[in-house]
Amino acid sequence: MVTLEDVAKLAGVSLATASRVLNGSTRQVGAGLRSRVEQAADQLGYRTNFAAQTLAKGASNVIGLVVHDLTDPYFAALADGVMRAAAGQGLLVMVGTTHRDPEQEIAYVATLHAQRVRAVLLAGSRVSDAAVTKRLRDELKRYLDTGGRVACVGQDLLGVDTVAPANREGAAALARSLAELGHTRFAVLAGPEHLVTARDRAEGFADALADLGLPAPKVIHGRFDRDGGHAAARETGEATCVFAVNDVMAVGALASYRERGIQVPGQVSVAGFDDISTLRDHVPALTTVRLPLADMGSRAFELALGDEGDTRVESVAGQVVLRESVRSLV
């Protein structure tokens, strides 16, 4: 395929000059240079990519944001960060939710590409299916090749600018904090096995316990939502401390224990991950790992709309917040 670089080389001009002539720039180019570029383009059979031209000019004022579950406060906080950052630049945000269906995520990217949005932001965990990840990468590349911009909040698996929560490290820090309180019998409400975020948090927690010489936790897999936590809490056995790999699962676990007359933290301690704002007034207050969710959303927006260059990956550390849902055994 003939590229703009080929035209510039044959015409003996810079790539920027060739782009100004062929991509409709308002900056003026002398008649002699313009003629050389046009002749080179004709000779090589170069055709202007009008989709790329439209995106490069910023004709669209829409940002596409694709999340897994907008009813989950985690994604609502990320979306709020994106929308506030976009509003500051006079841009609109179109939000789509996949309901954790990877096929729907790929379809959204293709649709946003066809609508020529300014940028696409993806927020949510990747899955462990390499074939699905490759198809998503390929769809993103088609969009990028037409001048689109992409950023992701999640794992660095898509080859685009990424804001990556330090899930393993945060879960490990939480495990160490809970062990310091004297807990030795743990259970993990681990979410779906195929979800990378859930897997990383569960493994980070278990690995830290192993490093401390403590028994392996009882691991219970289930849905990555409130009902998943509610169901999994019935299987925690003799654990004195239960770690749910996200806060909404922890909410389900708390409800399950309350319905059965099990006192938290009197009989069992409960911890989560994310520190979603809607739980800060919950009783008992939930011990968790705090992520700056709104800031992560705004940072993804900045990466997508910032200067182009090498792919950037920014790790975001979590902060352990000990609250009343966990008691000390020492």
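The structure displayed is predicted, hence computed values, not measured ones.
Within a 6.0 Å sphere centred on CD of Glu238, other residues, nucleotides and ligands contribute 12 heavy atoms or fewer. The number of heavy atoms from other shown groups lying within 6.0 Å of CZ (Arg84) does not exceed 12. Heavy atoms from other residues, nucleotides or ligands lying under 6.0 Å from CD of Glu193 number 12 at most.
Ser328 contributes a side-chain N or O that, together with a main-chain N or O of Val330, makes up a donor-acceptor pair within less than 3.5 Å. Side-chain atoms of Ser35 never come within 3.5 Å of backbone atoms of Gly32 as a donor-acceptor pair (strictly under, hydrogens ignored). Counting only distance, with no hydrogens or angles, the side chain of Asp275 and the backbone of Val289 share no donor-acceptor pair below 3.5 Å. A donor-acceptor pair is defined here as one N or O able to donate and one able to accept, closer than 3.5 Å; such a pair exists between the side chain of Asp247 and the backbone of Ile276. At least one donor-acceptor pair under 3.5 Å links the side chain of Arg149 to the backbone N or O of Ala304. No donor-acceptor distance shorter than 3.5 angstrom exists from the side chain of Arg323 to the backbone of Pro284, with no hydrogens or angles considered. Panel note: side chain Gln267, backbone Gln263; a donor-acceptor pair is recorded below 3.5 Å. The backbone N or O of Arg327 sits less than 3.5 Å from a side-chain atom of Ser269, completing a donor-acceptor pair.
Taking OG from Ser325 and CG from Leu286, the interatomic distance works out to 4.5 Å, rounded to the nearest 0.5 Å. With rounding to the nearest 0.5 Å, the separation of CG in Leu158 from OG1 in Thr133 is 7.0 Å. Put simply, CZ on Arg201 and OG on Ser125 are 8.5 Å apart, with the number rounded to the nearest 0.5 Å. Put simply, CZ on Arg223 and CZ on Arg100 are 10.0 Å apart, with the number rounded to the nearest 0.5 Å. Of the inter-residue distances, the one linking Leu92 atom CG with Asn61 atom CG reads 4.5 Å to the nearest 0.5 angstrom. Considering CG of Leu291 and CE of Met296, their distance stands at 5.0 Å, rounded to 0.5 Å.
Side chains of Asp161 and Thr311: a donor-acceptor N/O pair is absent below 3.5 angstrom, by distance only. A donor-acceptor pair shorter than 3.5 Å can be found between the side chains of Gln155 and Thr197. No side-chain N or O of Thr111 forms a donor-acceptor pair with one of Gln115 less than 3.5 Å apart. Between Thr97 and Tyr108, the side chains place no donor N or O within less than 3.5 Å of an acceptor N or O (distance only, hydrogens not considered). Using a 3.5 Å distance cut-off with no hydrogens or angles, the side chains of Ser256 and Arg260 do pair a donor with an acceptor. Side chains of Thr240 and His183: a donor-acceptor N/O pair is present below 3.5 angstrom, by distance only. Side chains of Glu139 and His113: no donor on one and acceptor on the other come within 3.5 Å.
Put simply, the side chain of Leu209 reaches to within 4.5 Å of the side chain of Pro217, judged on heavy atoms. Counting only heavy atoms from C-beta outward, the side chains of Phe273 and Met249 never approach each other to under 4.5 Å. Between Val82 and Leu121, some side-chain heavy-atom pair lies under the 4.5 Å cut-off. Taking the side chain as every heavy atom from C-beta outward, Val153 and Arg299 never approach each other to under 4.5 Å. Side-chain contact between Tyr74 and Val67 is absent, with no heavy atoms from C-beta onward closer than 4.5 Å. Gln43 is listed as a side-chain neighbour of Leu10, based on a closest heavy-atom distance under 4.5 Å. Residues Met83 and Asp80 form no side-chain contact, since every pair of their non-hydrogen atoms from C-beta on lies 4.5 Å or further apart. Between Leu144 and Val150 the shortest side-chain heavy-atom distance falls below 4.5 Å.
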Inset, instruction - Start with the C-alpha distance between His221 and Glu235, add both sets of side-chain angles, then the distance that settles side-chain contact (heavy atoms from CB on, under 4.5 Å), and finish with yes or no. - result: CA-CA 10 Å; His221 292 285; Glu235 302 178 39; over 6 Å; no
Legend entry - Stepwise side-chain contact (heavy atoms from CB on, under 4.5 Å) check, Leu112 with Tyr143: CA-CA 9 Å; Leu112 292 169; Tyr143 171 64; over 6 Å; no
Legend entry - Verdict with reasoning, Val242 to Val268, per side-chain contact (heavy atoms from CB on, under 4.5 Å): CA-CA 7 Å; Val242 174; Val268 62; 3.8 Å; yes
Inset, instruction - Would you please test Leu305 and Arg118 for side-chain contact (heavy atoms from CB on, under 4.5 Å) and show each step? - result: CA-CA 8 Å; Leu305 274 292; Arg118 177 81 64 89; 3.8 Å; yes
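Heavy atoms only, all atoms of each residue included: Leu189 and Ala233 are closest at CD2-N, 4.3 Å. In this structure, Ala208 and Ala175 approach most closely via the heavy-atom pair CB-CB, 3.8 Å. Annotation for Val313 and Ala164: closest pair CG1-CB, 4.4 Å, computed over non-hydrogen atoms. Of all non-hydrogen atoms in Ala166 and Ala317, the two that sit nearest each other are CB-CA, 4.1 Å. Shortest non-hydrogen contact noted between Asp274 and Thr288 is N-OG1, 3.3 Å. Between Val270 and Val326, the shortest heavy-atom contact is O-CG2, 3.4 Å.
None of Arg135, Lys141, Lys134 except one satisfies the salt bridge (charged side-chain N to carboxylate O under 4.0 Å, His left out) rule with Asp138; the exception is Lys134.
With hydrophobic clusters built from ILVMFWY side chains whose heavy atoms lie under 4.5 angstrom apart, Val109 does not share a cluster with Leu157. Neither Val196 nor Val188 shares a network with the other; the hydrophobic side chains, linked directly or stepwise wherever heavy atoms of I, L, V, M, F, W or Y lie under 4.5 Å apart, form separate groups for each. Taken together through direct or relayed side-chain contacts under 4.5 Å among Ile, Leu, Val, Met, Phe, Trp and Tyr, Leu329 and Leu322 form parts of separate hydrophobic clusters. Hydrophobic clustering places Leu181 together with Leu212 (ILVMFWY residues linked when any side-chain heavy atoms are closer than 4.5 Å, directly or through intermediates). Placement of Leu174 and Val321 in two distinct hydrophobic clusters is found when ILVMFWY residues are connected by side-chain heavy-atom separations under 4.5 Å, directly or transitively.
Between His68 and Phe75, the two ring planes are tilted [angle within 30° to 60°]. Relative ring orientation between Phe243 and Phe205 is described as parallel, the plane-to-plane angle staying below 30° on a 0-90° scale split at 30° and 60°.
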